[in-house]
Amino acid sequence: MKKLTLGLGVAIVVVFVGVLAFEMAPGISGNPPGNAVVQKGWISHQDPLGFTVSLPSTWKVRADRATGRIEFLGGDGTQMVVWPVFIPATLNQSSAPYVLMRLAAKIWPDAGWGTPQFSGSSAVRVRADAGKRSSLAILTWATSPKGAAGYVYAMAAPSDSYRSTEVVFAEILRSFKIAGAPSVDARSPVSYVEWKDPHENAFSLEVPAQWRVNGGTFRFASVDVRPALEAVSPDGQIRITGGDSQIPTFTEPTPYLQMAGFREGSWYSPGYGVNMMVRRYMSGSAFAREYVTTKVARGCSDLSFLETRDRPDLVQAINSLYAQVNTPGVTMSWNAGEVSFSCRQENQVMQGYYCAGILATRSSGGALWNVNILYGFLAPAEKRASTQSILEHMLSTLQQNPQWAAMQQNVTANTSQIVSRTNQEISKIISDSYWNRQGVMDELSRRRSNATLGVEDVVDHTTGREIKVESGSNYYWIDQHGTIVGTQTDTRPNLDFRELVRLP
């Protein structure tokens with residue numbers, strides 16, 4: 001679980017208690033008259049994960065270090081969940097209810113959640129009454145420059161006792177405090193310094209002082225930019241990495257690539273210095289496992305994977321946002337996974353952890369995928385916990401330079417237009433050359449070629465220009481910037497687009 005500041009935790013808990021008070025039956029306030037009765041027979045629990053809480057002596061606590069999810073379990077199916085979350089986007093009136101519904105369904109899929117309702121500007125709640133069980137889920141958050149940090153609170157109890165149990169829920173949350181996980185080695189506190197990308201000043205983060213740090217932004221082409229970083233402790237025993245400049249963009253094998261001689265493992269270039277490796281799609285956990293085997297633990301012996309698992313919770317919020325903006329015929333989605341492992345290096349037991357996140361962009365013509373998230377470490381077994389704490393600190397301070405991001409966006413747009421225009425010119429040159437050699441182009445040959453390549457011909461009636469587009473759509477549209485979109489219906493993508501005429 002990532003360390004959370006006490007200030008943020010207290011602020012969000014205060015918001016939650018206010019929301020819960022609103023949910024209580026009339027006459028029950030945030031400081032109920034029966035408070036002394038509720039507190040009798042309670043115990044104080046201090047958890048190694050870095051939180052304290054008071055709860056009835058018959059209740060149990062179950063905490064998941066990997067997800068940060070904490071469960072409080074009472075009798076007769078009474079249950080409460082506290083789940084810290086981070087959403088790398090702005091939450092508002094439209095997105096917050098959607099995020100809450102996804103997270104609530106993750107906690108109790110069969111609850112039968114109703115319609116979310118706002119409680120102020122930074123809290124949204126949803127109720128469920130399925131059968132003999134009543135449930136409530138609340139998402140509260142605080143906005144930061146990197147996104148929204150918050151908590152999901154969920155509680156459930158038998159319907160006939162739910163209202164009276166709300167008093168217990170409120171008292172548990174009132175006592176809940178986040179103090180942070182204890183330091184693994186208080187004798188050697190870690191001091192940090194800011195480190196900036198020395199190549200393009202694209203990003204910065206805090207790294208341990210005196211550590212050897214290498215990396216930066218590696219530009220292989222205008223649209224092929226790969227950030228990477230390596231931090232090594234002064235004694236050389238600990239190695240933390242983020243990204244890898246040697247990992248290219250991958251394109252999935254397709255029949256068309258195979259027909260052109262680009263089989264799996266080969267390199268394919270669409271031009272302008274961009275080189276993609278033809279390779280089948282991999283999940284985040286599978287890639288993390290392969291990366292550790294082939295690179296991280298290459299100098300180790302007795303490699304053993306302690307755990308390999310998918311982490312859909314890490315990217316579900318991002319995928320929810322992508323689902324709202326995906327264009328017809330093109331979808332983007334994330335997949336994430338992690339591995340923990342041990343090995344032996346020079347008679348020393350080493351332990352490590354790596355997480356990989358894969359972004360796939362799919363269309364009817366195939367798919368591209370990038371390893372956009374890749375970070376982890378390898379350290380002596382006795383330093384594993386402290387190394388993980390250092391990695392978490394580095395990730396929490398990582399910031400992208402907004403000026404660089406704006407510049408890169410313009411470069412990408414300009415390159416896309418240049419590539420499109422040049423491809424058209426190259427196509428014209430090839431076409432002219434063919435005409436010079438053959439004299440006349442056979443219409444049957446054109447259609448057979450289009451069918452083989454998976455393309456078809458359209459005409460821009462405004463300019464009279466003929467364009468080859470990827471087949472698979474019923475209608476094609478173009479805007480003033482030359483962007484072409486295919487749709488299955490005759491609904492215009494937006495007012496800037498005009499329809500292209502398909503040739504027979």
Side-chain angles (χ1 to χ4, degrees), residues 1-23 30 49-51 53 63-64 66-72 80-108 111 113-128 135-156 169-170 172-180 311-325 334 336 392 395-400:
M1 181 178 69
K2 291 187 177 180
K3 295 183 179 178
L4 302 173
T5 63
L6 180 60
L8 176 61
V10 170
I12 294 179
V13 168
V14 169
V15 173
F16 166 78
V17 172
V19 175
L20 184 55
F22 179 84
E23 290 288 333
L49 286 184
F51 67 88
V53 65
D64 186 345
T67 64
R69 183 165 148 178
I70 305 166
E71 296 184 65
F72 305 111
M80 185 172 185
V81 174
V82 178
W83 189 3
V85 294
F86 178 77
I87 312 299
T90 301
L91 290 183
N92 51 37
Q93 294 284 330
S94 59
S95 61
Y98 185 83
V99 172
L100 172 61
M101 291 298 289
R102 292 294 298 269
L103 295 175
K106 187 75 174 179
I107 296 173
W108 295 317
W113 298 105
T115 301
Q117 295 180 334
F118 270 86
S119 298
S121 60
S122 60
V124 60
R125 69 185 189 279
V126 62
R127 298 188 64 91
S135 307
L136 171 68
I138 301 172
L139 170 64
T140 66
W141 69 90
T143 302
S144 73
K146 298 180 181 179
Y151 283 83
V152 176
Y153 303 97
M155 55 220 72
F169 291 147
I172 292 176
L173 261 296
R174 186 174 287 108
S175 69
F176 184 80
K177 297 290 186 299
I178 296 173
R311 292 294 306 274
D313 54 299
L314 291 180
V315 294
Q316 62 181 357
I318 303 177
N319 281 333
S320 298
L321 295 175
Y322 271 131
Q324 301 177 35
V325 299
W334 283 82
E392 290 176 357
L395 292 174
S396 68
T397 60
L398 177 64
Q399 293 187 1
Q400 187 179 64

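Quick note: residue numbers are just sequence positions, from 1.
Between F118 and N92, the shortest heavy-atom contact is CZ-O, 3.7 Å. Here the closest non-hydrogen pair linking A63 and F51 is CB-CE2, 4.4 Å. Scanning all heavy atoms of the two residues, the minimum distance from L103 to V152 falls at CD1-CG2, 3.4 Å. Taking all atoms of both residues into account, the shortest heavy-atom contact from T140 to A123 is CG2-CB, 3.8 Å. Residues P116 and V124 approach most closely at CB-CG2, 3.9 Å, considering heavy atoms.
Atoms CD1 and CZ, on I107 and R69 in that order, are 5.5 Å from each other to the nearest 0.5 Å. Taken to the nearest 0.5 Å, the CG atom of L136 stands 9.5 Å off from the CE atom of M80. One distance of note links CZ of R125 with OH of Y153; it measures 16.0 Å at 0.5 Å rounding. Remark: I70 CD1 to Y151 OH distance equals 7.5 Å, nearest 0.5 Å.
The closest side-chain heavy-atom distance from L91 to L139 is below 4.5 Å. Side-chain contact between V85 and W141 is absent, with no heavy-atom pair separated by less than 4.5 Å. With a 4.5 Å cut-off on side-chain heavy atoms, V53 and I172 count as touching.
Using a distance-only test at 3.5 Å, with no hydrogens or angles considered, no donor-acceptor pair links the side chain of W108 to the main chain of W113.
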